[in-house]
Amino acid sequence: MLENPNLQFLTVHDLAYRCAEETREFLQRKTFESLYCFELFRRAICDRDNDAWSTICEQYRPIMADWWVKPRLKLTSGDGDAEMVVNKIIYRTYQKFWNALDAQKFRNFQNLKSLLAYLKMCVNSVIVDEGRSARPRSRDLDLEEWRNIIKDPGPAPEQMVIGYERRQKFWGIVLGRLHDEKERLVIDESFVLGLKPREIYNKYPQKFTDVDEVYKIKQNILARLRRDPELKKLLGFND
Amino acid sequence: MIEKQKNRRLLECGEKVLKNCASPPELTESQLLKFLDDEADPKVRLHLDECEYCAERASELAHLQDQISGLVHPSSLELGEYHLRMMPDRKASVIEQHLRICPQCRREVEQLHEFLGDLAPVSESDLLGKAKVLIARLIGPGPGERGFAPAAVPLRGETSGPFIFEADGVVITLDVQADATGKASIQGQVAADEQEQWIGAAVHLLQDDMSTLEAIVDDLGAFGFEQIHPGSAQLQITSPEGIEVQIPNINIAL
């Protein structure tokens, strides 16, 4: 990406100045080059340069707030609580972005637009994570719920990026502990589709005698999984 | 009662040593699961109000279910990387398999697709992909009359008459007024041959400090902004069909 060999000799301060110029032109929709902003991102992610990272956080905060977070949450400007919610989401987004990327992954990005798409995806990811913990899952949260959420410190940064391998291992353990097709059905319907036992019974009345049977099966599976030493280790259970 | 007080004391001390139910027999796991599903009978609810031991078990059970749910579904970040095609094929195929059976994750990906579809602010080249982008020009009061620099159109509150812009038959009138706090307000009007096309259009005022004000064109073609900081700005009006008119370089002065 270093089309301009002089880029590497620029200080973060110089890059910040030129990136601000680029961003201004970006907002005014003039033709622009994204070399300087891209180089700032490269230094932040690949070199783990804290100054570059701080500059990026400052540079893109207004865009994230006004163009992405507020429209996504349907928030309007001027509400103090709404501003706090927006700030918290931006903070968590930056944490997620920082933890999710490294020099190897950075090779996926060919230009600033692809980086900003990833950053915007992280905004969505932070918002979705909160929606996932709501019931029913993934519904839109209202401002009152967001007010409560921002009081919560949230997950540790490293927990924001749950690995593919961890989930594959977990799923392997679970499938290995199931006794029959009924149990597999209850696990799939309960945890993949998020159905309650009553809904599972209504969906498959021919497979179960009554709702209580579904509860019993679910209870047995959970008790078995909770006792499982491998799963205890994976999920960090205490005895 | 003594036991309950002891439990509370232990909880307050941060120790997790609640060993006994306050009013035996303790609730079964099925009863606790029903409670978490909002299907428990009132006796169970009453028991849980009174018994910290069983309430703690219900809380642990909820946590376990959350953990399992969290590991069954791809994380939101993985769904995002899948959508952005940043995943190796092996992982992407696992996500695809999951998406085939999970309507919730499918919905999240669709939502993400929609959200990322409008990666604003966009670059000049992206504008070419829009349905139609029109750049409005000032048609009155004329530059000669006001003597402003060609690089930017200064909208001054004290000038007489509104400023009129035109783009492909769409006429935009802007009337700038200063308020008592040293800020400005703009009353705008959109007039076009196909006026109904512009009802409900989104109007964005992008200011130099990167803040954005938003308004909607009403049934009469009017829109307005208040509390505007003086300075350079850009106005965009986007019709519901995606036609965009830009007044790219204006300078709001009081």
Side-chain angles (χ1 to χ4, degrees), chain A residues 23-24 26-32 34 62-63 66-68 72 77 96 100 105 108 113-114 116-118 120-126 128-129 132-133 137-138 160-162 164 166-168 170-171 174 188 190-194 196-198 212 215-216 218-219 222-223 225-226 235 237-238, chain B residues 16 28-30 32-34 37-39 61 64-81 83-87 91 94 98 101-104 107-108 111-112 115-116 118-127 206 208-214 232 234 246 248-249:
Chain A
T23 305
R24 195 166 297 117
F26 191 61
L27 290 168
Q28 292 173 353
R29 300 192 172 179
K30 295 176 183 172
T31 304
F32 77 109
S34 64
I63 294 174
D66 292 330
W67 292 75
W68 300 346
R72 176 71 171 76
S77 299
K96 185 167 266 203
K105 260 185 164 177
N108 287 296
K113 186 180 175 186
S114 58
L116 292 183
Y118 193 89
K120 192 174 182 186
M121 181 275 285
C122 287
V123 169
N124 187 69
S125 173
V126 167
V128 165
D129 285 350
R132 280 188 177 192
S133 60
R137 180 190 153 187
S138 299
M160 289 181 162
V161 188
I162 295 176
Y164 164 87
R166 185 166 180 245
R167 196 173 47 260
Q168 289 301 102
F170 164 80
W171 203 230
V174 170
D188 282 348
S190 297
F191 294 105
V192 179
L193 299 183
K196 295 176 183 179
R198 181 173 300 284
D212 281 343
Y215 268 110
K216 191 75 186 165
K218 187 174 177 182
Q219 175 198 325
L222 289 175
L225 295 180
R226 198 162 36 192
L235 298 181
F237 290 163
N238 295 319
Chain B
K16 194 176 149 192
T28 65
E29 297 264 309
S30 281
L32 295 177
L33 285 172
K34 283 181 183 172
D37 288 341
D38 226 7
E39 296 211 350
L61 201 53
L64 173 65
Q65 293 197 83
D66 284 346
Q67 281 187 302
I68 293 173
S69 293
L71 284 165
V72 165
H73 298 278
S75 68
S76 56
L77 196 68
E78 283 174 303
L79 289 180
E81 291 186 351
H83 180 72
L84 293 173
R85 299 176 191 278
M86 284 179 59
M87 268 192 173
K91 291 184 182 179
V94 173
H98 180 82
I101 59 167
C102 180
Q104 292 170 326
R107 194 162 51 245
E108 284 180 9
Q111 203 176 22
L112 175 66
F115 182 58
L116 292 183
D118 181 22
L119 183 61
V122 292
S123 67
E124 186 75 9
S125 58
D126 290 326
L127 290 176
L206 286 62
D208 201 28
D209 61 359
M210 295 187 193
S211 63
T212 304
L213 299 175
E214 185 174 357
S232 61
Q234 171 177 275
Q246 290 184 11
N249 199 8

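Computed from a prediction, not measured in an experiment: that's the story for all the values here.
- Between the B:S69 side chain and the B:Q65 main chain, a donor and an acceptor come within less than 3.5 Å of each other.
- A donor-acceptor pair is defined here as one N or O able to donate and one able to accept, closer than 3.5 Å; such a pair exists between the side chain of A:K120 and the backbone of B:F115.
- Only the side chain of A:D212 comes within less than 4.5 Å of a heavy atom in chain B; its backbone stays farther off.
- Highest contact tally toward chain A, considering only B:D37, B:I101, B:D38, is held by B:D37 [criterion: heavy-atom pairs under 4.5 Å].
- Between chain A and the residues B:H83, B:M86, B:M87, B:R85, the largest count of heavy-atom pairs under 4.5 Å involves B:M86.
- Of the two parts of B:L84, only the side chain, counted from C-beta on, holds a non-hydrogen atom closer than 4.5 Å to a non-hydrogen atom of chain A.
- For a residue to count as touching a neighbouring chain, one of its non-hydrogen atoms must lie under 4.5 Å from one of that chain's; by this rule A:F170 touches chain B with the side chain only.
- For a residue to count as touching a neighbouring chain, one of its non-hydrogen atoms must lie under 4.5 Å from one of that chain's; by this rule B:E81 touches chain A with backbone and side chain alike.
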Checklist entry - Between A:Y118 and A:N108, is a side chain to side chain donor-acceptor pair (under 3.5 Å) present by the stated rule, with each step listed? => result CA-CA 10 Å; A:Y118 193 89; A:N108 287 296; over 6 Å; no

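- A:N124 contributes atom CG, which lies 4.5 Å from atom CZ of A:R72 (distance to the nearest 0.5 angstrom).
- With rounding to the nearest 0.5 angstrom, the CD atom of A:Q219 is 6.0 Å from the OG1 atom of B:T28.
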